[in-house]
Amino acid sequence: MDDRAAFVDVPWAGCTLRIEHAWVNPQAKGQPLLVFLHEGLGSLSAWRDFPARLCARLGWRGLVYSRPGHGASTLPDDLTDWAPDYLHRQARELLPALLQALGVTDPPWLRGHSDGGSIALLHAACAPVAGVIAIAPHLFVEERSVQGIAAAREQYLRTDLPERLARHHAEAEGMFWRWNRVWLSPAFRDWNIEAEVARVRAPVLAVQGVDDAYGTLAQIRRIAALCPGTRVVELPACGHAVHRDQPEALMQCCLEFARDHHPVLLDAAP
């Protein structure tokens, strides 16, 4: 990945945001573009080298960015908390505006983790995409999700989690509490995107760790029920952060999925 993160001005929510982003493997001109959508506490830098490694294996280009309020990306001045529709707005408003600002015109591939997986599916339900790789996405709120996010709150209050998050976010405290409060709010318990996912027509790869602390396998199995042809991969000895727990297994299933749906995929690496 190009370590020189850049910024682009993106109009959203009645203001102009500065969105931190980086291009991966930009020399692979003419190859598909894979957009990386990070988790609820993620950012551009929190991916570390995974986007570069995956794009090298695929021979594709990549785009990594930090959502508003994450990493070094800015927020609207008047935004203090996310509303329950924040993932819908990221998928339907912010992501299209970012792609337009960066001059992306061809339907991209989307690779999203956790909240980012939900955003990928929501975007694919309303805009053309070449394919979706959804890693530990959320379609509905489970008790395990609520328990995991409540546990994260205790970790933030009692461990070095604030310091670790501060390595990747300019304003880590506000970022954490916006995410934590909306997921634990009573209004979010009824959040559900099954109707939207049923409209996805692009090929979907859904991957989840068997030991995921933030959701059960019912999440990706439901995608398969709603979107016939979905490839489901359930990885043993793997938690929520699949790209850290099982990176080689994840890369291999991504490579196989991409080859099946993009026949001219370059064999950049074995």
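Residue Leu217 comes nearest to Gly209 through the heavy atom pair CD2-O, 4.1 Å, listed as atom of the first residue, atom of the second, then distance. The shortest heavy-atom contact between Leu33 and Leu63 is CD1-N, 3.9 Å. Of all heavy-atom pairs spanning Trp60 and Pro32, the tightest one is CB-O, 3.4 Å. Between Cys253 and Val233, the shortest heavy-atom distance links the atoms CB-CG2, 4.3 Å. Of all the heavy atoms in Val24 and Pro51, the pair that sits closest is CG1-O, 3.7 Å. Annotation for Gly69 and Leu75: closest pair CA-CG, 3.5 Å, computed over non-hydrogen atoms.
At most 12 heavy atoms of other shown residues, nucleotides or ligands fall within 6.0 angstrom of atom CG in Asp77. The environment of Glu194 atom CD is dense: over 12 non-hydrogen atoms of other residues, nucleotides or ligands sit within 6.0 angstrom.
Arg53 is linked by a side-chain hydrogen bond (donor to acceptor under 3.5 Å, both in side chains) to Glu248, counting only residues two or more places apart in sequence or in another chain. With sequence neighbours left out, the side-chain hydrogen bond (donor to acceptor under 3.5 Å, both in side chains) criterion links Arg189 to no other residue.
In this structure, the side chain of Glu20 engages the main chain of Ala72 through a donor-acceptor pair within 3.5 Å. With hydrogens and angles disregarded, no donor-acceptor distance shorter than 3.5 Å links the side chain of Asp212 to the backbone of Gly239. With Arg61 contributing its side chain and Gln27 its backbone, the two residues share no donor-acceptor pair below 3.5 Å. Looking only at distances, no side-chain donor or acceptor of Ser66 sits under 3.5 Å from a matching main-chain atom of Ser73. With Thr16 contributing its side chain and Asp9 its backbone, the two residues share no donor-acceptor pair below 3.5 Å. Side-chain N or O atoms of His169 include one that pairs as donor or acceptor with a backbone N or O of Gly71 at under 3.5 Å. No side-chain donor-acceptor contact under 3.5 Å links Asp81 to the backbone of Arg181. At least one donor-acceptor pair under 3.5 Å links the side chain of Gln208 to the backbone N or O of Thr216.
A distance of 7.0 Å separates CG in Leu41 from CG in Leu161, rounded to the nearest 0.5 Å. In this structure, Glu39 CD and Ser118 OG are separated by 12.0 Å, a value rounded to the nearest 0.5 Å. Here the CH2-NE2 distance, from Trp109 to His261, works out to 6.5 Å after rounding to the nearest 0.5 Å. A distance of 8.5 Å separates CG of Asn192 from CZ of Arg222, quoted to the nearest 0.5 Å. To the nearest 0.5 angstrom, Gln147 atom CD is 11.0 Å from Leu184 atom CG. Going from atom CG of Leu250 over to atom SG of Cys238 covers 8.0 Å, rounded to the nearest 0.5 Å.
Side-chain contact check for His168 and Ser45: at least one donor-acceptor pair (N or O, by modelled atom type) lies under 3.5 Å. Judged by distance alone, the side chains of Glu142 and Gln219 do bring a donor and an acceptor atom under 3.5 Å apart.
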* From CA spacing to verdict: side chain to side chain contact (heavy atoms under 4.5 Å, CB included), Leu34, Leu58 -> CA-CA 10 Å; Leu34 180 60; Leu58 292 168; 3.9 Å; yes

* To do: Report the C-alpha distance between Arg178 and Glu171 in whole Å, list the side-chain angles of each, state the deciding distance to 0.1 Å, and finish with yes or no for side chain to side chain contact (heavy atoms under 4.5 Å, CB included).
  => CA-CA 11 Å; Arg178 280 187 294 272; Glu171 209 271 285; 3.8 Å; yes

* Please lay out, stage by stage, how Thr159 and Arg164 fare under the test side chain to side chain contact (heavy atoms under 4.5 Å, CB included). => CA-CA 10 Å; Thr159 72; Arg164 289 187 281 125; 4.2 Å; yes

* What do the steps show when you test Tyr86 against Trp179 for side chain to side chain contact (heavy atoms under 4.5 Å, CB included), and what is the final call? -> CA-CA 10 Å; Tyr86 81 107; Trp179 167 80; 4.1 Å; yes

* Stepwise salt bridge (charged side-chain N to carboxylate O under 4.0 Å, His left out) check, Glu196 with Arg92 -> CA-CA 12 Å; Glu196 291 90 339; Arg92 296 172 176 173; 3.6 Å; yes

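You'll find the side chain of Met251 stays beyond 4.5 Å of the side chain of Leu255, heavy atoms only. Inter-residue side-chain proximity for Leu17 and Pro76 is flagged as met; some heavy-atom pair is nearer than 4.5 Å. Within the 4.5 Å cutoff, the side chain of Trp82 has no heavy atoms near those of the Trp183 side chain. Contact annotation: the side chain of Trp12 approaches that of Glu93 to within less than 4.5 Å [non-hydrogen atoms, C-beta and beyond]. The side-chain heavy atoms of Val207 and Glu234, taken from C-beta on, include no pair separated by under 4.5 Å. Using a 4.5 Å heavy-atom cutoff, the side chains of Tyr65 and Leu95 are in contact. Within the 4.5 Å cutoff, side-chain heavy atoms of Pro108 are placed close to those of Leu99. For the pair Ile19 and Pro68, the minimum side-chain heavy-atom distance is below 4.5 Å.
Cation-pi geometry between Arg111 and Phe36 is not satisfied (NZ or CZ under 6.0 Å from the ring centre, within 45° of the ring normal).
For an aromatic pair to be called close, the ring centres must be under 6.0 Å apart, and His113 with His38 fails this.
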Let me have the donor-acceptor pairs involving side chains of residues 122-141, under 3.5 Å, with sequence neighbours excluded, atom names and distances please.
from	atom 1	to	atom 2	distance (Å)
His123	ND1	Ala91	O	2.9
His138	NE2	Ser114	OG	3.2

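Between Trp23 and His21, the ring planes are perpendicular. Angles over 60° get that label, and only those under 30° would be called parallel.
Taking hydrophobic clusters as Ile, Leu, Val, Met, Phe, Trp and Tyr residues chained together by side-chain heavy-atom distances below 4.5 Å, Tyr214 shares a cluster with Val146.
We find that Asp260 and Arg231 are joined by a salt bridge, their nearest charged nitrogen and carboxylate oxygen being less than 4.0 Å apart.
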